[in-house]
Asks: 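Dumping the structure here so I can ask a few things about it.
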Amino acid sequence: MQMKPVHPVLVVIAHGSRDPRHAATVHALVRRVRSLRPGLRVETGFLDFNIPSVHGVLESLATEGVVRDVVALPLLLTRAFHAKADIPAVLRDAPPQLRIRQAEVLGPSPLLLAALERRLYEAGLTSADKSSTGVVLASAGSTDPEAIAVIAEIAREWRRTGWCAVRPAFASASLPRTEDAVRELRALGCSRVAVAPYVLAPGFLPDRIARGAAEADVLADVLGPAPEVARALLERYDSARTPALAAVGA
């Protein structure tokens, strides 16, 4: 009799922050993921500042003895340094009895664009406002050229959905800053300007984005536990878990 395969455990890997809002938002997102996929075991580990650590979560799973297959999912929007270096390094030090696959980062994804629009509508815009509204796609920023190029491409793609204009901006490491992008959209003649933070949780850099939005008409909330973000997370999990299921005879 063929045994029913056990789904790999999903370990969500968050960056961590001294700001308590960060961990609270991550946990809210994980709760939504669990509600969308009853029966899936989901654990959360942090790279820094918060507990449990990623290493601690993996050690606990190994200690249980019954868990072998794990999908480690970076809670990141772009494939920059953390996804390319930090997380692989942590996973290499995991207990050897665990079979771990690293999932892709969340972005880019049409689901995340939908989450961005959700946040803008929650902040007061309507679909009828799109053609007269310029949007600043405000990300945390990165020194990784690949990550910066991805943000610019997302802005171009989003513009084609009907907004007056969309401009990328960065809270650190890269230019332009949010306030400069707001002024550029004003100069283009957009009737109103909205800032959409392309970040997952509150913290130091999202607060900088908010300060840069002082001259904008609308400031959306961070993506947080939006249902579209949870669905994007599960899509990445499903893509990564397929080889693991094949390995146990699925």
Side-chain angles (χ1 to χ4, degrees), residues 29 74-80 83 104-203 205-233 235-236:
L29 174 59
L75 198 59
L76 301 169
L77 296 174
T78 57
R79 183 173 158 74
E104 291 296 327
V105 298
L106 296 181
S109 166
L111 286 168
L112 297 182
L113 282 181
L116 286 166
E117 295 210 353
R118 170 189 289 274
R119 294 305 190 216
L120 285 171
Y121 296 153
E122 289 172 348
L125 294 179
T126 70
S127 57
D129 297 322
K130 292 185 75 167
S131 62
S132 59
T133 301
V135 180
V136 178
L137 180 68
S139 74
S142 174
T143 57
D144 189 304
E146 178 186 349
I148 297 304
V150 166
I151 298 299
E153 178 56 31
I154 292 171
R156 286 191 291 270
E157 179 182 345
W158 204 14
R159 164 67 182 84
R160 290 194 286 268
T161 68
W163 296 100
C164 174
V166 180
R167 292 290 185 272
F170 307 94
S172 68
S174 307
L175 296 173
R177 295 287 184 256
T178 301
E179 53 268 35
D180 298 323
V182 169
R183 293 172 189 138
E184 180 185 353
L185 291 171
R186 292 276 189 221
L188 282 175
C190 297
S191 298
R192 67 182 62 78
V193 176
V195 174
Y198 190 59
V199 293
L200 285 165
L205 293 178
D207 284 349
R208 181 180 288 177
I209 290 171
R211 291 193 296 272
E215 297 179 17
D217 301 294
V218 174
L219 171 62
D221 199 358
V222 299
L223 295 174
E228 296 86 357
V229 178
R231 287 165 54 202
L233 196 153
E235 280 192 356
R236 295 293 190 247

Asks: With D217, which of V193, T133, V195 fulfils side chain to side chain contact (heavy atoms under 4.5 Å, CB included)?
Replies: V193
Asks: To the closest 0.5 Å, what do you measure between CZ (R167) and CG (L188)?
Replies: 5.0 Å
Asks: The test is side chain to side chain contact (heavy atoms under 4.5 Å, CB included); show your working for V135 and L116 and say whether it passes.
Replies: CA-CA 10 Å; V135 180; L116 286 166; over 6 Å; no
Asks: Main chain of C164, side chain of R159: is a donor-acceptor contact present, judged purely on distance under 3.5 Å?
Replies: yes
Asks: Side chain to side chain contact (heavy atoms under 4.5 Å, CB included), that's the test. Do W163 and L125 meet it? Break it down for me.
Replies: CA-CA 12 Å; W163 296 100; L125 294 179; 4.1 Å; yes
Asks: Check G141 against A173 and note the closest heavy-atom contact, atom names and distance.
Replies: C-CB, 4.4 Å
Asks: For A123 versus A220, what's the shortest heavy-atom pair and its separation?
Replies: CB-CA, 4.1 Å
Asks: Tell me, do D144 and T78 make a side-chain contact under 4.5 Å, heavy atoms counted?
Replies: no
Asks: Could you grab the distance from atom OG of S139 to atom CG of L205, nearest 0.5 Å is fine?
Replies: 9.5 Å
Asks: Of all the heavy-atom pairs spanning G134 and L185, show the shortest one and how long it is.
Replies: C-CD1, 3.6 Å
Asks: So, are R118 and D221 salt-bridged, with charged N and O less than 4.0 Å apart?
Replies: no
Asks: Compare every heavy atom of P176 with every heavy atom of P168, then report the nearest pair and how far apart it is.
Replies: O-CG, 3.4 Å
Asks: Less than 4.0 angstrom from a charged side-chain N to a carboxylate O is my criterion; do E122 and R119 meet it?
Replies: yes
Asks: Applying side chain to side chain contact (heavy atoms under 4.5 Å, CB included) between L112 and each of V229, L200, I154, report the one that passes.
Replies: V229
Asks: Take I151 and I148, measure what side chain to side chain contact (heavy atoms under 4.5 Å, CB included) needs, and give me the verdict at the end.
Replies: CA-CA 5 Å; I151 298 299; I148 297 304; 5.6 Å; no
Asks: Any donor-acceptor pair under 3.5 Å linking the side chain of R208 with the backbone of A171?
Replies: yes
Asks: Could you check if a side-chain atom of V199 sits within less than 4.5 angstrom of a side-chain atom of I209, using non-hydrogen atoms only?
Replies: yes
Asks: In Å and rounded to the nearest 0.5 Å, what is the CZ to CZ distance from R231 to R236?
Replies: 13.0 Å
Asks: Do E157 and P108 come within less than 4.5 Å of each other through their side chains, counting heavy atoms only?
Replies: no
Asks: Going from CZ on F170 to CG on L175, what distance comes out if it is rounded to the nearest 0.5 angstrom?
Replies: 9.0 Å
Asks: What is the distance from atom CG of L106 to atom CG of L75, rounded to the nearest 0.5 Å?
Replies: 5.5 Å
Asks: Closest approach of W158 and A196, non-hydrogen atoms and distance?
Replies: CH2-CB, 3.8 Å
Asks: Indicate yes or no: does R156 engage E153 in a salt bridge with an N to O separation below 4.0 Å.
Replies: yes
Asks: When you compare the side chain of L120 with that of D129, does any pair of heavy atoms fall below 4.5 Å?
Replies: no
Asks: Hey, what do you get for CZ (R79) to OG (S142), rounding to the nearest 0.5 Å?
Replies: 12.0 Å
Asks: Any idea which heavy atoms bring A155 and V166 closest together, and the distance?
Replies: O-CB, 3.6 Å
